[in-house]
There are 2 protein chains.
Amino acid sequence: MTELLKSKKISETPFRKEVLAIFRNYTNAIPLSTVEKELKEYNRITLYRTIKIFIEKGIIHEITISGEESNYAICHEECSTAAHHHQHIHFKCSSCKKIFCVEVDQFPSIILPNYKIKQLEIQATGLCQKCNV
Amino acid sequence: MTELLKSKKISETPFRKEVLAIFRNYTNAIPLSTVEKELKEYNRITLYRTIKIFIEKGIIHEITISGEESNYAICHEECSTAAHHHQHIHFKCSSCKKIFCVEVDQFPSIILPNYKIKQLEIQATGLCQKCNV
DNA sequence: TAATATTTGCAACATTGTTGCAATAAATAT
DNA sequence: ATATTTATTGCAACAATGTTGCAAATATTA
Ligand SMILES: [Mn+2]
Ligand SMILES: [Mn+2]
Ligand SMILES: [Zn+2]
Ligand SMILES: [Zn+2]
């Protein structure tokens with residue numbers, strides 16, 4: 001299962017495997033601080049570089065929400081090295097604060113008179129299943 | 001026209017008027033670095049605090065795009081002190097790199113089986129009118 | 001197993017944002 | 001208009017976040 005690193009053509013080091021495993025253990029997106037908590041021991045700089053290369057290689061993607069720490073999640077769709085083009089939305093639960101990547105069968109489209117839209121990115125806020133009892 | 005500061009119940013100081021005027025002179029969203037360039041002379045800390053209070057009071061709103069400097073734009077809709085609820089999308093032109101707040105007559109809605117969506121935030125990428133010749 | 005390419009960790013630095021506090025300026029009440 | 005009250009500004013000092021060059025260590029390839 002750590003074939004992923006090889007398939008993305010980056011060296012398979014213990015540290016990278018460890019970080020990848022952390023992302024895989026979560027069903028939601030997580031910030032750097034969570035990755036840090038999960039790692040027993042780590043070098044701050046190496047972690048930054050690991051996150052960076054994971055994003056570049058299409059292993060994880062970044063989710064930014066105003067005024068909050070960036071979150072990161074595994075790319076389930078096949079992401080190119082060049083760009084992340086996800087047809088899913090980012091859902092933030094206002095109760096448990098977790099951020100989920102959610103597939104949606106009918107991704108909306110917008111037409112604007114004076115703009116040529118190539119891509120949409122959608123963030124939703126609300127309640128996740130667990131919190132919406 | 002500087003009534004805005006009074007109406008938002010914050011003191012009307014020369015510096016705040018100056019910063020507000022800068023935002024009003026742009027039709028697109030701008031990052032802090034642009035505000036800084038426009039100001040002849042300024043105190044870094046005061047500027048941070050000004051941006052912060054402008055956001056809190058619903059005068060401007062923040063637009064965050066992955067891996068980029070935050071951008072800020074005047075709130076044209078009436079924003080409460082509590083939260084910014086904009087029914088417009090944020091459009092980033094991949095050519096001129098400008099970010100625009102764009103009204104859309106039919107704001108899309110999404111229904112997800114396991115989530116209760118309260119609010120959507122939409123970012124679009126593509127070409128603006130000027131760049132789409 | 002040796003040669004080569006890549007990653008890691010250190011030191012040092014850059015950038016970005018925050019806080020306490022006294023001086024200053026703005027708003028309000030006389 | 002002037003005094004009183006309240007809020008803002010700027011300084012110093014700090015905290016958090018992210019970056020770079022480079023030598024040692026490790027992974028990949030031959
Ligand atoms: Mn996602
Ligand atoms: Mn906007
Ligand atoms: Zn939840
Ligand atoms: Zn453009």
Side-chain angles (χ1 to χ4, degrees), chain A residues 1-23 29-73 81 99, chain B residues 1-23 29-73 81 99:
Chain A
M1 267 296 184
T2 358
E3 301 301 308
L4 183 60
L5 296 174
K6 279 185 182 167
S7 82
K8 296 288 183 179
K9 285 180 183 124
I10 58 169
S11 304
E12 192 179 44
T13 70
F15 186 71
R16 285 175 181 170
K17 283 198 242 178
E18 208 180 343
V19 173
L20 182 57
I22 291 169
F23 282 113
I30 53 173
L32 219 58
S33 58
T34 299
V35 179
E36 287 174 312
K37 270 174 219 143
E38 297 269 348
L39 292 164
K40 8 183 175 308
E41 206 183 311
Y42 69 98
N43 179 282
R44 213 169 56 90
I45 297 154
T46 305
L47 180 54
Y48 276 125
R49 289 198 272 225
T50 301
I51 297 294
K52 199 179 217 173
I53 202 170
F54 277 16
I55 293 172
E56 280 168 15
K57 297 292 176 178
I59 295 169
I60 62 174
H61 59 280
E62 190 182 12
I63 300 155
T64 51
I65 296 184
S66 270
E68 294 186 31
E69 233 183 324
S70 276
N71 279 261
Y72 304 92
T81 301
I99 294 167
Chain B
M1 266 303 184
T2 356
E3 301 302 307
L4 182 60
L5 297 174
K6 279 184 181 168
S7 84
K8 295 290 184 178
K9 287 183 182 121
I10 57 168
S11 306
E12 193 181 43
T13 69
F15 186 71
R16 284 176 181 170
K17 283 198 243 178
E18 208 180 343
V19 173
L20 182 56
I22 291 169
F23 281 113
I30 53 172
L32 220 58
S33 58
T34 299
V35 179
E36 286 174 312
K37 270 175 220 144
E38 295 269 347
L39 291 164
K40 6 180 180 308
E41 204 182 312
Y42 69 96
N43 178 282
R44 212 171 56 93
I45 297 154
T46 304
L47 180 54
Y48 275 125
R49 290 198 271 224
T50 301
I51 296 294
K52 199 180 217 173
I53 202 169
F54 277 16
I55 293 172
E56 280 168 16
K57 297 293 176 176
I59 295 169
I60 61 173
H61 59 279
E62 189 181 14
I63 301 155
T64 51
I65 296 183
S66 270
E68 294 187 31
E69 232 183 325
S70 276
N71 280 260
Y72 305 91
T81 302
I99 294 167

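Letters go in sequence order (proteins before strands), and every chain restarts at 1.
Checked against C:dG9, D:dT9, D:dT8, the side chain of B:Ile53 finds its nearest nucleotide in D:dT8. Relative to the side chain of B:Asn43, the nucleotides D:dA7, D:dC11, D:dG18 differ in distance, and D:dC11 lies closest. Checking D:dT20, D:dA27, D:dT8 against the side-chain heavy atoms of A:Thr13 singles out D:dA27 as nearest. If you check C:dG20, D:dT8, C:dT6 against the side chain of B:Arg49, the one that comes closest is C:dG20. Comparing C:dA26, C:dT16, D:dG18 against the side chain of B:Tyr48 picks out C:dT16 as the nearest.
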Could you give me the CA-CA distance, side-chain angles and deciding distance for B:Phe54 and B:Arg16, then say whether side chain to side chain contact (heavy atoms under 4.5 Å, CB included) is met?
CA-CA 9 Å; B:Phe54 277 16; B:Arg16 284 176 181 170; 4.1 Å; yes
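C:dT6 atom P lies 21 Å from atom CD1 of A:Ile45, rounded to whole Å. In this structure, A:Lys6 atom NZ and C:dT7 atom P are separated by 14 Å, rounded to whole Å. Rounded to whole Å, the distance from CD on A:Glu69 to C1' on D:dG18 is 13 Å. Put simply, CZ on A:Arg16 is 10 Å from C1' on D:dA27, counting in whole angstrom units. Going from atom NZ of B:Lys8 over to atom P of D:dA7 covers 19 Å, rounded to whole Å. Across the protein-nucleic acid pair, A:Phe54 atom CZ and C:dT7 atom C1' stand 12 Å apart, rounded to whole Å. With rounding to whole Å, A:Leu5 atom CG is found 13 Å from C:dT7 atom C1'. A:Tyr42 has its OH atom 19 Å from the C1' atom of C:dT7, to the nearest Å.
Between the CD atom of B:Glu62 and the CD1 atom of B:Ile55 there is a distance of 5.0 Å, given to the nearest 0.5 Å. Note that CD1 of B:Ile22 and NZ of B:Lys37 are 12.0 Å apart. Values are rounded to the nearest 0.5 Å.
At a cut-off of 3.5 angstrom, the base of D:dG18 holds at least one donor-acceptor pair with the side chain of A:Arg44.
For the side chain to side chain contact (heavy atoms under 4.5 Å, CB included) with A:Glu18, the qualifying choice from A:Leu39, A:Thr50, A:Val35, A:Thr13 is A:Leu39, the only one to do so. Considering B:Thr34, B:Ile51, B:Ile59 as possible partners of B:Phe23, the one that fulfils the side chain to side chain contact (heavy atoms under 4.5 Å, CB included) test is B:Ile51.
When each of B:Thr46 and B:Ser11 is assigned the nucleotide of DNA chain D bearing its nearest heavy atom, the one mapping closer to the 5' terminus is B:Ser11. Residue-to-nucleotide proximity on DNA chain C shows that, of B:Ser70 and B:Ile10, the 5′-proximal contact is made by B:Ser70. With DNA chain D read from its 5' end, the first of the two nearest nucleotides for B:Phe15 and A:Lys52 is the one closest to B:Phe15.
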